[in-house]
Amino acid sequence: MTEDLDTLRDHMLTAIDAATGLDALEAVRVDALGKQGSVTQLLKTLGRMSPDERQTAGPRINGLREAVAGAIAARRTVLERTALDARLATETLDMTLPAGAATAGTVHPVSQVMDELAEIFADLGFAVATGPEIETDWHNFTALNIPETHPARAMHDTFYLQQGLDAKAGGTFDERATFSLLRTHTSPVQIRTMLDQPPPIRIIAPGRTYRSDSDATHTPMFHQVEGLVIDKGITLGHLKWTLETFLKAFFERDDIVLRLRPSYFPFTEPSAEVDVGYTIEKGKRVIGGHPGGAGGGGWMEVLGSGMVHPKVIAACGLDPEEWQGFAFGCGIDRLAMLKYGMDDLRPFFDGDIRWLKHYGFSALDVPTLSGGVGA
(Lines give C-alpha, C1' and ligand atoms only; values in the text may rest on other atoms or scores of the structure.)
Protein backbone atom coordinates (compact mmCIF):
# COMPACT_ATOMS: atom_id res chain seq x y z
CA MET A 1 0.00 0.00 0.00
CA THR A 2 2.90 2.32 0.77
CA GLU A 3 4.23 1.96 -2.78
CA ASP A 4 0.75 2.60 -4.19
CA LEU A 5 0.39 5.81 -2.10
CA ASP A 6 3.83 7.05 -3.15
CA THR A 7 3.02 6.40 -6.80
CA LEU A 8 -0.35 8.18 -6.47
CA ARG A 9 1.34 11.13 -4.74
CA ASP A 10 3.94 11.46 -7.50
CA HIS A 11 1.26 11.22 -10.18
CA MET A 12 -0.91 13.92 -8.60
CA LEU A 13 1.94 16.32 -7.86
CA THR A 14 3.09 15.97 -11.44
CA ALA A 15 -0.44 16.73 -12.70
CA ILE A 16 -0.63 19.76 -10.41
CA ASP A 17 2.69 21.15 -11.66
CA ALA A 18 1.61 20.55 -15.26
CA ALA A 19 -1.64 22.52 -14.87
CA THR A 20 -1.28 25.64 -17.05
CA GLY A 21 -4.49 27.36 -16.02
CA LEU A 22 -6.97 27.64 -13.17
CA ASP A 23 -9.51 25.48 -15.00
CA ALA A 24 -6.98 22.68 -15.49
CA LEU A 25 -5.93 22.94 -11.85
CA GLU A 26 -9.55 22.70 -10.74
CA ALA A 27 -9.95 19.53 -12.77
CA VAL A 28 -6.96 18.01 -10.97
CA ARG A 29 -8.42 19.03 -7.61
CA VAL A 30 -11.77 17.40 -8.38
CA ASP A 31 -10.02 14.24 -9.62
CA ALA A 32 -8.07 14.00 -6.36
CA LEU A 33 -10.17 15.62 -3.61
CA GLY A 34 -13.66 15.75 -5.05
CA LYS A 35 -16.50 13.57 -3.79
CA GLN A 36 -15.45 10.80 -6.16
CA GLY A 37 -11.74 11.69 -6.12
CA SER A 38 -9.04 9.08 -5.63
CA VAL A 39 -7.84 10.50 -2.29
CA THR A 40 -11.41 10.81 -1.05
CA GLN A 41 -12.05 7.16 -1.90
CA LEU A 42 -8.96 6.13 0.05
CA LEU A 43 -10.19 8.07 3.09
CA LYS A 44 -13.48 6.18 2.90
CA THR A 45 -11.64 2.84 3.20
CA LEU A 46 -10.44 3.74 6.71
CA GLY A 47 -13.85 2.89 8.11
CA ARG A 48 -13.58 -0.71 6.93
CA MET A 49 -10.11 -1.31 8.36
CA SER A 50 -9.23 -2.91 11.66
CA PRO A 51 -7.87 -0.59 14.37
CA ASP A 52 -4.29 -1.78 13.73
CA GLU A 53 -4.59 -1.26 9.99
CA ARG A 54 -6.21 2.16 10.51
CA GLN A 55 -3.38 3.22 12.82
CA THR A 56 -0.87 2.48 10.09
CA ALA A 57 -2.77 3.57 6.97
CA GLY A 58 -4.56 6.62 8.46
CA PRO A 59 -1.51 8.94 8.81
CA ARG A 60 -0.26 7.98 5.34
CA ILE A 61 -3.58 8.67 3.60
CA ASN A 62 -4.12 11.93 5.50
CA GLY A 63 -0.56 12.92 4.70
CA LEU A 64 -1.30 12.35 1.02
CA ARG A 65 -4.43 14.52 1.25
CA GLU A 66 -2.53 17.36 2.93
CA ALA A 67 0.33 17.18 0.43
CA VAL A 68 -2.06 17.32 -2.53
CA ALA A 69 -4.14 20.14 -1.01
CA GLY A 70 -1.02 22.15 -0.22
CA ALA A 71 0.39 21.68 -3.71
CA ILE A 72 -2.91 22.75 -5.27
CA ALA A 73 -3.04 25.91 -3.11
CA ALA A 74 0.54 26.83 -3.99
CA ARG A 75 -0.04 26.22 -7.70
CA ARG A 76 -3.26 28.29 -7.60
CA THR A 77 -1.34 31.23 -6.09
CA VAL A 78 1.22 31.06 -8.89
CA LEU A 79 -1.43 30.81 -11.61
CA GLU A 80 -3.49 33.70 -10.16
CA ARG A 81 -0.38 35.87 -9.99
CA THR A 82 0.49 34.99 -13.59
CA ALA A 83 -3.04 35.80 -14.73
CA LEU A 84 -2.98 39.12 -12.87
CA ASP A 85 0.39 40.07 -14.36
CA ALA A 86 -0.92 39.29 -17.83
CA ARG A 87 -4.03 41.37 -17.20
CA LEU A 88 -2.04 44.32 -15.86
CA ALA A 89 0.22 44.18 -18.89
CA THR A 90 -2.73 44.56 -21.28
CA GLU A 91 -5.13 46.80 -19.30
CA THR A 92 -4.79 50.51 -18.55
CA LEU A 93 -6.77 52.45 -15.94
CA ASP A 94 -6.84 56.24 -15.56
CA MET A 95 -6.59 56.65 -11.80
CA THR A 96 -7.37 60.38 -12.07
CA LEU A 97 -10.98 59.64 -12.97
CA PRO A 98 -13.56 59.32 -10.15
CA ALA A 99 -14.43 55.68 -9.45
CA GLY A 100 -17.49 54.61 -11.41
CA ALA A 101 -18.14 58.11 -12.70
CA ALA A 102 -20.12 56.88 -15.68
CA THR A 103 -22.51 54.65 -13.78
CA ALA A 104 -22.43 55.78 -10.14
CA GLY A 105 -24.54 58.46 -8.46
CA THR A 106 -24.66 62.15 -9.26
CA VAL A 107 -23.51 65.30 -7.49
CA HIS A 108 -26.38 66.93 -5.57
CA PRO A 109 -27.37 70.41 -6.85
CA VAL A 110 -26.55 71.92 -3.43
CA SER A 111 -23.02 70.48 -3.56
CA GLN A 112 -22.66 71.69 -7.14
CA VAL A 113 -23.73 75.24 -6.22
CA MET A 114 -21.36 75.25 -3.24
CA ASP A 115 -18.52 74.40 -5.61
CA GLU A 116 -19.65 77.11 -8.00
CA LEU A 117 -19.70 79.69 -5.20
CA ALA A 118 -16.23 78.70 -4.01
CA GLU A 119 -14.89 78.98 -7.56
CA ILE A 120 -16.42 82.41 -8.17
CA PHE A 121 -15.39 83.97 -4.88
CA ALA A 122 -11.92 82.45 -4.98
CA ASP A 123 -11.41 84.43 -8.18
CA LEU A 124 -12.43 87.55 -6.22
CA GLY A 125 -9.88 86.85 -3.49
CA PHE A 126 -12.21 85.30 -0.92
CA ALA A 127 -11.34 82.31 1.28
CA VAL A 128 -13.82 79.68 2.47
CA ALA A 129 -14.40 79.67 6.24
CA THR A 130 -16.27 77.11 8.35
CA GLY A 131 -17.51 76.85 11.92
CA PRO A 132 -19.54 74.61 14.27
CA GLU A 133 -23.20 73.94 13.56
CA ILE A 134 -23.94 73.76 17.29
CA GLU A 135 -23.35 77.31 18.48
CA THR A 136 -23.29 79.50 21.54
CA ASP A 137 -25.91 82.12 22.20
CA TRP A 138 -23.25 84.83 22.09
CA HIS A 139 -21.77 83.91 18.69
CA ASN A 140 -25.18 83.33 17.08
CA PHE A 141 -27.01 86.35 18.49
CA THR A 142 -25.37 88.70 20.98
CA ALA A 143 -22.18 89.42 19.05
CA LEU A 144 -24.35 90.15 16.01
CA ASN A 145 -26.16 92.96 17.85
CA ILE A 146 -29.13 90.74 18.74
CA PRO A 147 -29.41 90.84 22.55
CA GLU A 148 -31.63 88.42 24.43
CA THR A 149 -34.68 90.71 24.48
CA HIS A 150 -34.34 91.83 20.85
CA PRO A 151 -37.43 91.05 18.71
CA ALA A 152 -35.16 89.98 15.84
CA ARG A 153 -34.61 86.66 17.63
CA ALA A 154 -38.20 85.77 16.89
CA MET A 155 -37.38 85.97 13.17
CA HIS A 156 -35.09 82.97 13.38
CA ASP A 157 -37.35 80.26 14.92
CA THR A 158 -34.38 78.84 16.79
CA PHE A 159 -33.84 75.22 17.79
CA TYR A 160 -32.53 75.48 21.35
CA LEU A 161 -30.62 72.62 22.99
CA GLN A 162 -31.65 71.28 26.37
CA GLN A 163 -28.14 71.72 27.79
CA GLY A 164 -28.38 75.44 27.08
CA LEU A 165 -31.83 75.70 28.65
CA ASP A 166 -30.64 73.78 31.71
CA ALA A 167 -27.62 76.06 32.03
CA LYS A 168 -29.83 79.13 31.93
CA ALA A 169 -32.20 77.68 34.51
CA GLY A 170 -29.31 76.68 36.78
CA GLY A 171 -27.87 80.15 36.90
CA THR A 172 -24.45 79.10 35.51
CA PHE A 173 -25.14 80.02 31.90
CA ASP A 174 -22.19 81.49 30.02
CA GLU A 175 -23.47 82.74 26.67
CA ARG A 176 -19.95 82.87 25.25
CA ALA A 177 -19.07 79.28 26.19
CA THR A 178 -22.28 77.23 26.53
CA PHE A 179 -23.30 75.59 23.28
CA SER A 180 -27.03 76.06 23.44
CA LEU A 181 -28.58 76.08 19.96
CA LEU A 182 -28.36 74.98 16.34
CA ARG A 183 -27.05 77.92 14.38
CA THR A 184 -29.77 79.85 12.58
CA HIS A 185 -27.37 81.33 10.01
CA THR A 186 -23.69 81.09 9.15
CA SER A 187 -23.04 84.57 10.59
CA PRO A 188 -21.33 83.05 13.66
CA VAL A 189 -18.55 82.00 11.28
CA GLN A 190 -18.02 85.67 10.53
CA ILE A 191 -17.74 86.42 14.26
CA ARG A 192 -15.29 83.58 14.85
CA THR A 193 -13.19 84.68 11.88
CA MET A 194 -12.98 88.28 13.11
CA LEU A 195 -11.99 87.01 16.55
CA ASP A 196 -9.36 84.59 15.25
CA GLN A 197 -7.59 86.52 12.51
CA PRO A 198 -6.64 90.16 12.03
CA PRO A 199 -8.06 92.16 9.13
CA PRO A 200 -8.14 92.57 6.23
CA ILE A 201 -10.68 89.75 5.92
CA ARG A 202 -12.40 88.40 2.82
CA ILE A 203 -14.35 85.19 3.38
CA ILE A 204 -17.44 83.30 2.39
CA ALA A 205 -19.06 80.95 4.90
CA PRO A 206 -21.20 78.22 3.28
CA GLY A 207 -22.86 75.54 5.39
CA ARG A 208 -25.94 74.01 6.97
CA THR A 209 -28.26 76.12 9.11
CA TYR A 210 -31.41 75.31 11.09
CA ARG A 211 -34.74 77.03 11.69
CA SER A 212 -38.14 75.72 12.71
CA ASP A 213 -39.93 76.25 9.41
CA SER A 214 -41.20 73.92 6.71
CA ASP A 215 -43.09 74.51 3.45
CA ALA A 216 -42.42 74.50 -0.30
CA THR A 217 -39.66 77.10 0.04
CA HIS A 218 -38.46 76.46 3.63
CA THR A 219 -37.07 73.41 5.40
CA PRO A 220 -35.92 72.95 9.03
CA MET A 221 -32.39 72.40 7.75
CA PHE A 222 -31.15 74.40 4.79
CA HIS A 223 -27.92 75.68 3.30
CA GLN A 224 -26.70 79.24 3.42
CA VAL A 225 -23.68 81.17 2.23
CA GLU A 226 -22.58 84.43 3.77
CA GLY A 227 -19.81 86.75 2.74
CA LEU A 228 -17.76 89.16 4.82
CA VAL A 229 -15.22 91.82 3.94
CA ILE A 230 -13.43 93.82 6.65
CA ASP A 231 -10.88 96.39 5.59
CA LYS A 232 -10.18 100.10 5.62
CA GLY A 233 -12.24 102.42 3.45
CA ILE A 234 -14.92 99.88 2.52
CA THR A 235 -18.11 101.44 1.12
CA LEU A 236 -21.54 100.40 -0.09
CA GLY A 237 -20.19 100.72 -3.62
CA HIS A 238 -17.77 97.86 -2.99
CA LEU A 239 -20.70 95.74 -1.81
CA LYS A 240 -22.81 96.43 -4.90
CA TRP A 241 -19.91 95.73 -7.28
CA THR A 242 -19.11 92.44 -5.51
CA LEU A 243 -22.71 91.24 -5.62
CA GLU A 244 -23.15 92.27 -9.24
CA THR A 245 -19.94 90.48 -10.26
CA PHE A 246 -20.94 87.38 -8.29
CA LEU A 247 -24.46 87.14 -9.75
CA LYS A 248 -23.25 87.68 -13.31
CA ALA A 249 -20.76 84.84 -12.90
CA PHE A 250 -23.22 82.56 -11.12
CA PHE A 251 -26.11 82.95 -13.59
CA GLU A 252 -23.59 83.19 -16.46
CA ARG A 253 -25.24 86.28 -17.96
CA ASP A 254 -23.86 89.75 -18.46
CA ASP A 255 -27.28 91.44 -18.45
CA ILE A 256 -27.91 90.95 -14.72
CA VAL A 257 -29.64 94.02 -13.24
CA LEU A 258 -29.65 94.59 -9.47
CA ARG A 259 -31.88 96.69 -7.26
CA LEU A 260 -30.99 97.44 -3.62
CA ARG A 261 -33.95 98.14 -1.34
CA PRO A 262 -33.52 99.61 2.17
CA SER A 263 -34.19 96.95 4.77
CA TYR A 264 -33.35 96.03 8.35
CA PHE A 265 -30.90 93.52 9.76
CA PRO A 266 -29.59 94.01 13.30
CA PHE A 267 -26.02 93.19 12.29
CA THR A 268 -25.75 95.63 9.34
CA GLU A 269 -26.36 99.36 9.01
CA PRO A 270 -27.39 100.42 6.47
CA SER A 271 -29.06 97.21 5.31
CA ALA A 272 -30.38 96.34 1.88
CA GLU A 273 -32.38 93.57 0.28
CA VAL A 274 -30.98 92.73 -3.15
CA ASP A 275 -33.39 92.07 -6.01
CA VAL A 276 -32.40 90.75 -9.41
CA GLY A 277 -34.33 91.49 -12.54
CA TYR A 278 -35.97 88.72 -14.51
CA THR A 279 -37.70 88.51 -17.86
CA ILE A 280 -40.29 86.17 -19.31
CA GLU A 281 -39.00 83.84 -22.00
CA LYS A 282 -41.28 81.17 -23.47
CA GLY A 283 -43.65 81.60 -20.57
CA LYS A 284 -40.96 81.07 -17.93
CA ARG A 285 -39.14 83.44 -15.61
CA VAL A 286 -35.49 83.77 -16.56
CA ILE A 287 -32.94 85.59 -14.41
CA GLY A 288 -31.41 88.41 -16.46
CA GLY A 289 -32.45 91.32 -18.63
CA HIS A 290 -34.25 94.47 -17.55
CA PRO A 291 -37.74 93.97 -16.12
CA GLY A 292 -39.04 96.86 -18.21
CA GLY A 293 -38.45 95.01 -21.47
CA ALA A 294 -41.10 94.20 -24.05
CA GLY A 295 -41.43 90.62 -22.88
CA GLY A 296 -42.41 91.61 -19.36
CA GLY A 297 -40.71 90.60 -16.15
CA GLY A 298 -40.14 91.83 -12.63
CA TRP A 299 -37.87 91.80 -9.62
CA MET A 300 -36.98 88.81 -7.48
CA GLU A 301 -35.34 88.97 -4.05
CA VAL A 302 -32.18 86.86 -3.92
CA LEU A 303 -30.18 87.93 -0.85
CA GLY A 304 -29.76 90.33 2.04
CA SER A 305 -26.78 92.56 2.61
CA GLY A 306 -25.43 95.68 4.26
CA MET A 307 -22.51 97.42 5.90
CA VAL A 308 -21.31 95.60 9.03
CA HIS A 309 -22.75 97.31 12.10
CA PRO A 310 -20.11 99.15 14.19
CA LYS A 311 -21.32 97.25 17.29
CA VAL A 312 -20.53 93.93 15.58
CA ILE A 313 -17.04 95.12 14.69
CA ALA A 314 -16.49 96.35 18.26
CA ALA A 315 -17.79 93.07 19.75
CA CYS A 316 -14.97 91.28 17.90
CA GLY A 317 -12.31 93.52 19.40
CA LEU A 318 -11.82 95.79 16.37
CA ASP A 319 -12.06 99.56 16.22
CA PRO A 320 -15.06 100.54 14.04
CA GLU A 321 -13.46 103.94 13.46
CA GLU A 322 -10.55 102.22 11.74
CA TRP A 323 -12.18 99.15 10.16
CA GLN A 324 -15.32 98.95 8.04
CA GLY A 325 -16.87 96.18 6.04
CA PHE A 326 -19.85 94.69 4.31
CA ALA A 327 -21.67 91.39 4.63
CA PHE A 328 -24.25 89.50 2.61
CA GLY A 329 -26.10 86.23 2.82
CA CYS A 330 -28.40 84.06 0.75
CA GLY A 331 -29.79 80.55 0.65
CA ILE A 332 -27.77 78.08 -1.42
CA ASP A 333 -30.86 75.94 -1.95
CA ARG A 334 -32.72 78.98 -3.30
CA LEU A 335 -29.87 79.83 -5.65
CA ALA A 336 -29.98 76.26 -6.98
CA MET A 337 -33.75 76.51 -7.47
CA LEU A 338 -33.46 79.78 -9.40
CA LYS A 339 -30.61 78.66 -11.62
CA TYR A 340 -31.64 75.08 -12.36
CA GLY A 341 -35.43 75.38 -12.45
CA MET A 342 -36.67 73.60 -9.31
CA ASP A 343 -39.97 74.85 -7.89
CA ASP A 344 -40.08 72.98 -4.57
CA LEU A 345 -37.39 72.87 -1.90
CA ARG A 346 -38.56 69.71 -0.15
CA PRO A 347 -37.33 67.20 -2.79
CA PHE A 348 -33.80 68.46 -2.09
CA PHE A 349 -33.91 66.39 1.09
CA ASP A 350 -36.17 63.47 0.08
CA GLY A 351 -33.38 61.31 -1.36
CA ASP A 352 -35.52 60.32 -4.36
CA ILE A 353 -33.09 58.72 -6.81
CA ARG A 354 -35.24 59.80 -9.77
CA TRP A 355 -35.01 63.45 -8.74
CA LEU A 356 -31.28 63.15 -8.14
CA LYS A 357 -30.70 61.58 -11.55
CA HIS A 358 -32.71 64.33 -13.22
CA TYR A 359 -31.21 67.33 -11.42
CA GLY A 360 -27.85 65.90 -10.38
CA PHE A 361 -24.48 66.63 -11.97
CA SER A 362 -21.78 64.35 -13.25
CA ALA A 363 -18.74 64.00 -11.02
CA LEU A 364 -16.72 65.35 -13.95
CA ASP A 365 -18.71 68.60 -14.11
CA VAL A 366 -16.23 70.53 -11.98
CA PRO A 367 -17.13 74.25 -12.00
CA THR A 368 -14.48 76.48 -13.57
CA LEU A 369 -14.69 80.10 -14.64
CA SER A 370 -13.06 79.26 -17.96
CA GLY A 371 -15.32 76.31 -18.75
CA GLY A 372 -18.46 77.66 -17.11
CA VAL A 373 -19.48 77.24 -13.49
CA GLY A 374 -22.76 75.63 -14.48
CA ALA A 375 -21.30 73.21 -17.02
Side-chain angles (χ1 to χ4, degrees), residues 117 120-129 131 135 138-147 150-153 155-156 183-207 209 224-250 256-277 299-332 334-335:
L117 294 173
I120 293 170
F121 280 103
D123 194 60
L124 296 176
F126 285 67
V128 176
E135 264 296 359
W138 188 84
H139 288 89
N140 196 81
F141 289 127
T142 307
L144 290 159
N145 197 34
I146 313 176
H150 199 291
R153 293 205 183 203
M155 298 164 54
H156 290 73
R183 67 182 183 188
T184 58
H185 43 193
T186 55
S187 299
V189 179
Q190 300 182 24
I191 299 299
R192 292 181 178 274
T193 300
M194 284 191 281
L195 289 171
D196 293 341
Q197 71 180 64
I201 295 171
R202 291 176 178 82
I203 63 161
I204 60 168
T209 54
Q224 191 178 62
V225 61
E226 297 193 16
L228 173 70
V229 169
I230 299 292
D231 207 336
K232 296 179 179 179
I234 298 297
T235 68
L236 201 62
H238 296 114
L239 168 63
K240 187 174 188 241
W241 179 88
T242 300
L243 295 180
E244 192 172 59
T245 302
F246 152 56
L247 291 172
K248 284 182 178 180
F250 179 74
I256 296 294
V257 181
L258 296 188
R259 180 179 72 175
L260 273 64
R261 289 182 290 106
S263 186
Y264 164 76
F265 301 109
F267 29 82
T268 53
E269 180 60 37
S271 303
E273 296 280 6
V274 180
D275 299 334
V276 63
W299 296 98
M300 184 181 303
E301 177 188 326
V302 290
L303 52 86
S305 64
M307 302 301 292
V308 180
H309 200 292
K311 289 186 177 181
V312 175
I313 295 176
C316 296
L318 302 176
D319 183 0
E321 296 295 330
E322 180 182 6
W323 302 101
Q324 303 82 43
F326 63 77
F328 58 88
C330 57
I332 294 176
R334 178 167 172 74
L335 288 177

_Pair Ser187, Asn140 - check side chain to side chain donor-acceptor pair (under 3.5 Å), show working._
CA-CA 7 Å; Ser187 299; Asn140 196 81; over 6 Å; no
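- Residues Phe126 and Leu117 have side chains not in contact (no heavy-atom distance under 4.5 Å, counting atoms from C-beta outward).
- With contacts defined as side-chain heavy-atom distances shorter than 4.5 Å, the pair Leu243/Leu258 qualifies.
- Taking 4.0 Å as the cut-off between side-chain N and carboxylate O, Glu269 and Lys311 do not count as a salt-bridged pair.
- A heavy-atom distance below 4.5 Å is found between the side chains of Glu273 and Phe265.
- Nearest heavy atom pair, residue Ala315 against residue Ala143, reads CB-O, 3.9 Å.
- Ring geometry for Phe246 versus Phe250: interplanar angle of 30 to 60°, hence tilted.
- Atom CD of residue Glu244 and atom CG of residue Leu239 lie 11.0 Å apart, to the nearest 0.5 angstrom.
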*Step by step, would you call Val302 with Asp275 a side chain to side chain contact (heavy atoms under 4.5 Å, CB included)?*
CA-CA 6 Å; Val302 290; Asp275 299 334; over 6 Å; no
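- The two atoms that bring Pro266 and Asn145 nearest to each other are O-ND2, 2.9 Å, heavy atoms only.
- Side-chain contact check for Lys240 versus Leu236: every heavy-atom pair is 4.5 Å or farther apart.
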*Apply side chain to side chain contact (heavy atoms under 4.5 Å, CB included) to Val274 and Ser305, showing your working.*
CA-CA 7 Å; Val274 180; Ser305 64; 3.5 Å; yes
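- Val308 places none of its side-chain heavy atoms less than 4.5 Å from the side chain of Trp323.
- Atom CG of Leu228 is separated from atom CD1 of Ile203 by 5.0 Å, given to the nearest 0.5 angstrom.
- Taking 4.5 Å as the limit, every side-chain heavy atom of Ile201 sits out of range of all side-chain heavy atoms of Val229.
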*asked:* Set out, in order, the CA-CA distance, both residues' side-chain angles and the distance that settles side chain to side chain contact (heavy atoms under 4.5 Å, CB included) for Leu195 and His139, then state yes or no.
replied: CA-CA 10 Å; Leu195 289 171; His139 288 89; 4.0 Å; yes
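- Although no hydrogens or angles enter the test, the distance criterion places no donor-acceptor pair under 3.5 Å between the side chain of Thr209 and the main chain of Thr186.
- Annotation for Lys248: atom NZ counts as buried by contact number, over 12 foreign heavy atoms lying within 6.0 Å.
- Annotation for Glu321: atom CD does not count as buried by contact number, only 12 or fewer foreign heavy atoms lying within 6.0 Å.
- Residues Arg192 and Glu135 are in side-chain contact: their nearest non-hydrogen atoms beyond the backbone lie under 4.5 Å apart.
- A 4.5 Å side-chain heavy-atom check between Ile230 and Pro200 finds every atom pair outside the cut-off.
- Ring centers of Phe121 and Phe328: under 6.0 Å apart, within the cut-off.
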*With side chain to side chain contact (heavy atoms under 4.5 Å, CB included) as the test, would you mind laying out the steps for Leu144 and His309 before giving the verdict?*
CA-CA 8 Å; Leu144 290 159; His309 200 292; over 6 Å; no
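- A distance of 10.0 Å separates CZ in Arg334 from CG in Leu303, rounded to the nearest 0.5 Å.
- Heavy atoms only, all atoms of each residue included: Ala327 and Gln190 are closest at CB-OE1, 3.8 Å.
- Using modelled atom types, no side-chain atom of Thr268 and backbone atom of Met307 make a donor-acceptor pair closer than 3.5 Å.
- Here the CD atom belonging to Gln224 is positioned 8.0 Å from the OG1 atom belonging to Thr184, to the nearest 0.5 angstrom.
- For Arg259 and Glu301, the salt-bridge test fails: no basic side-chain N is under 4.0 Å from an acidic carboxylate O.
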